[in-house]
Amino acid sequence: MRAPARHRLFCYGTLEFPPILEAVAGRRFPGRAAVLPGYRRLAVRGQVFPGIVAQAGAEVGGTLYRGLSNAHLRRLDAYENAFYRRRPLRVRDAAGGRSRLAWTYVVPALYRHRLAAADWDPAVFLRRHYARYLRRLRR
């Protein structure tokens, strides 16, 4: 019998917070700080979550999680819905600089008009929206 596939996932927004990822995927995963070069994290108009788009010279900090199964990815795909596309991108370990391939949710061209010009700030999300967002997910 073959072991189930295990995947890496780079999170840069609400899923970067372990309790939110756990509420969506069904369990916690080991994670470490990482950076996605060549992308920018922007606020989504009228929402509390961000999206990323390719932008030369930019980079996005986040968390690289490991140990996700295909079933976990399906749950995350349903949560992220059509607003994002899951793509394999190279992320760099923030501590050691090692580059790894990881699934990442990117805003496709079709929805880029919904992004604000302002960067998304995880500290603002944590302070203003985190508790309510997590309660809603756990219901």
Side-chain angles (χ1 to χ4, degrees):
M1 182 175 208
R2 235 170 73 192
R6 295 292 174 203
H7 302 276
R8 290 185 190 97
L9 177 70
F10 176 74
C11 296
Y12 56 85
T14 58
L15 292 174
E16 187 177 358
F17 297 91
I20 291 177
L21 180 59
E22 180 180 13
V24 174
R27 64 167 275 228
R28 288 207 181 197
F29 301 93
R32 63 183 338 154
V35 175
L36 174 63
Y39 281 79
R40 183 174 177 198
R41 177 175 50 198
L42 298 167
V44 176
R45 289 187 184 117
Q47 302 295 330
V48 299
F49 52 83
I52 60 170
V53 293
Q55 181 176 317
E59 66 179 28
V60 175
T63 302
L64 179 61
Y65 292 104
R66 60 184 168 80
L68 285 85
S69 68
N70 289 333
H72 295 125
L73 290 177
R74 283 191 297 275
R75 287 181 74 165
L76 289 161
D77 288 346
Y79 168 77
E80 296 292 14
N81 66 54
F83 186 71
Y84 299 93
R85 296 286 187 270
R86 180 167 43 94
R87 303 180 71 183
L89 297 175
R90 287 227 163 259
V91 298
R92 194 175 66 243
D93 184 296
R98 184 174 176 195
S99 177
R100 299 167 191 248
L101 202 58
W103 290 112
T104 308
Y105 288 96
V106 178
V107 175
L110 175 65
Y111 296 114
R112 287 191 186 157
H113 68 279
R114 293 188 54 199
L115 298 175
D119 291 331
W120 184 81
D121 186 343
V124 171
F125 171 78
L126 186 59
R127 191 172 59 252
R128 293 184 186 168
H129 307 289
Y130 173 81
R132 184 177 41 232
Y133 194 87
L134 184 57
R135 275 194 308 274
R136 185 179 58 94
L137 283 175
R138 287 181 171 164
R139 276 191 234 142

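Position 1 is the first residue of the sequence; numbering continues from there.
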Engineer: Measuring from Leu9:CG to Glu16:CD, what's the distance to the nearest 0.5 Å?
Structural biologist: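 Leu9 CG to Glu16 CD: 11.0 Å, rounded to 0.5 Å.
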
Engineer: Tell me if the CZ atom of Arg32 is crowded by more than 12 foreign heavy atoms within 6.0 Å.
Structural biologist: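 Result for CZ/Arg32: open.
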
Engineer: Measuring from atom CG of Leu134 to atom CD of Glu22, what distance do you get when rounded to the nearest 0.5 angstrom?
Structural biologist: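 It comes to 9.0 Å.
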
Engineer: Could you check whether atom CZ of Arg28 has more than 12 heavy atoms from other residues, nucleotides or ligands sitting under 6.0 Å from it?
Structural biologist: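 It does: Arg28 CZ has more than 12 such atoms within range.
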
Engineer: Within the distance-only criterion (no hydrogens, no angle test), does the side chain of Arg45 pair as donor or acceptor with the backbone N or O of His113 below 3.5 angstrom?
Structural biologist: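 Side chain of Arg45 to backbone of His113: a pair is present.
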
Engineer: If you define the side chain from C-beta out and look only at heavy atoms, does anything of Thr14 sit under 4.5 Å from Tyr79?
Structural biologist: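 Of all side-chain heavy-atom pairs linking Tyr79 with Thr14, at least one is under 4.5 Å.
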
Engineer: More than 12 non-hydrogen atoms from neighbouring residues, nucleotides or ligands closer than 6.0 Å to CZ on Arg112, yes or no?
Structural biologist: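 Result for CZ/Arg112: enclosed.
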
Engineer: Measure across Pro50 and Arg41 and return the closest heavy-atom pair with its distance rounded to 0.1 Å.
Structural biologist: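 Taking every non-hydrogen atom into account, CB-CG, 3.7 Å.
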
Engineer: Between Ile52 and Val106, what is the shortest heavy-atom contact and its length?
Structural biologist: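 Closest approach of Ile52 to Val106, heavy atoms only: O-CG1, 3.6 Å.
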
Engineer: Identify the two heavy atoms, one from Ala23 and one from Leu137, that lie closest to each other, and give their separation to 0.1 Å.
Structural biologist: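 It is CB-CB, 4.1 Å.
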
Engineer: Looking only at heavy atoms, which two atoms of Pro37 and Arg90 are closest? And how far apart?
Structural biologist: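 Closest approach of Pro37 to Arg90, heavy atoms only: CD-O, 3.7 Å.
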
Engineer: Donor-acceptor pair, Tyr12 side chain versus Val35 backbone, under 3.5 Å?
Structural biologist: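 No; zero donor-acceptor contacts below 3.5 Å.
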
Engineer: Find out whether Leu15 and Glu80 are in side-chain contact, i.e. whether some heavy atom of one side chain is under 4.5 Å from a heavy atom of the other.
Structural biologist: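 A side-chain contact under 4.5 Å exists here.
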
Engineer: Which of parallel (below 30°), tilted (30 to 60°) and perpendicular (above 60°) describes Phe17 and Tyr130?
Structural biologist: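 Tilted.
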
Engineer: How about Arg66: does its CZ atom have over 12 heavy atoms from other parts shown lying under 6.0 Å from it?
Structural biologist: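 For Arg66, atom CZ is not crowded (no more than 12 foreign heavy atoms under 6.0 Å).
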
Engineer: Distance from Arg100 atom CZ to Leu64 atom CG, nearest 0.5 Å?
Structural biologist: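 Separation between the atoms: 6.5 Å.
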
Engineer: Closest heavy-atom contact between Ala117 and Arg40?
Structural biologist: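 It is O-NH2, 3.2 Å.
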
Engineer: Say you draw a straight line from NE2 of His7 to CG of Leu76; how long is it, rounded to the nearest 0.5 Å?
Structural biologist: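 Going from NE2 on His7 over to CG on Leu76, the span is 11.0 Å.
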
Engineer: Could you tell me whether the side chain of Tyr65 reaches within less than 4.5 Å of the side chain of Pro30, counting heavy atoms only?
Structural biologist: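 Answer no - side chains too far apart.
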
Engineer: Apply the test side chain to side chain donor-acceptor pair (under 3.5 Å) to residues Asp77 and Tyr105: give CA-CA distance (whole Å), side-chain angles for both, the deciding distance (0.1 Å), then the verdict.
Structural biologist: CA-CA 9 Å; Asp77 288 346; Tyr105 288 96; 2.6 Å; yes

Engineer: About how many Å separate OH of Tyr133 and CD of Gln47, when rounded to the nearest 0.5 Å?
Structural biologist: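 If I round to the nearest 0.5 Å, the distance is 8.5 Å.
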
Engineer: I'd like to know if Val44 and Leu126 are part of one continuous hydrophobic network [Ile/Leu/Val/Met/Phe/Trp/Tyr, side-chain heavy atoms within less than 4.5 Å].
Structural biologist: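 Same cluster.
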
Engineer: Take Tyr84 and Val107 through the side-chain contact (heavy atoms from CB on, under 4.5 Å) test and state the conclusion after the steps.
Structural biologist: CA-CA 5 Å; Tyr84 299 93; Val107 175; 3.9 Å; yes

Engineer: Specify whether Phe125 and Trp120 have parallel, tilted or perpendicular ring planes, treating 30° as the upper limit for parallel and 60° as the lower limit for perpendicular.
Structural biologist: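 Rings of Phe125 and Trp120: tilted, 30 to 60°.
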
Engineer: Return the CZ to CG distance between Phe83 and Leu110, rounded to the nearest 0.5 Å.
Structural biologist: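 Rounded to the nearest 0.5 Å, the CZ-CG separation comes out at 9.5 Å.
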
Engineer: Could you check whether any side-chain heavy atom of Thr104 comes within less than 4.5 Å of a side-chain heavy atom of Arg87, counting everything from C-beta outward?
Structural biologist: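 Side-chain contact under 4.5 Å: no.
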
Engineer: Does a side-chain heavy-atom distance below 4.5 Å link Tyr39 with Leu89?
Structural biologist: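 Yes - at least one pair of side-chain heavy atoms lies under 4.5 Å apart.
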
Engineer: So which heavy atom on Arg6 is nearest to which on Ser69, and how close?
Structural biologist: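 Shortest heavy-atom separation between Arg6 and Ser69 comes out as NH1-CB, 3.1 Å.
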
Engineer: With a 4.5 Å heavy-atom cut-off, do Leu42 and Asp119 have their side chains touching?
Structural biologist: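 Side chain of Leu42 against side chain of Asp119, heavy atoms only: contact under 4.5 Å found.
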
Engineer: Assess whether atom CZ of Arg98 is packed by more than 12 heavy atoms of other residues, nucleotides or ligands within 6.0 Å.
Structural biologist: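 Open: at most 12 neighbouring heavy atoms sit under 6.0 Å from CZ of Arg98.
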
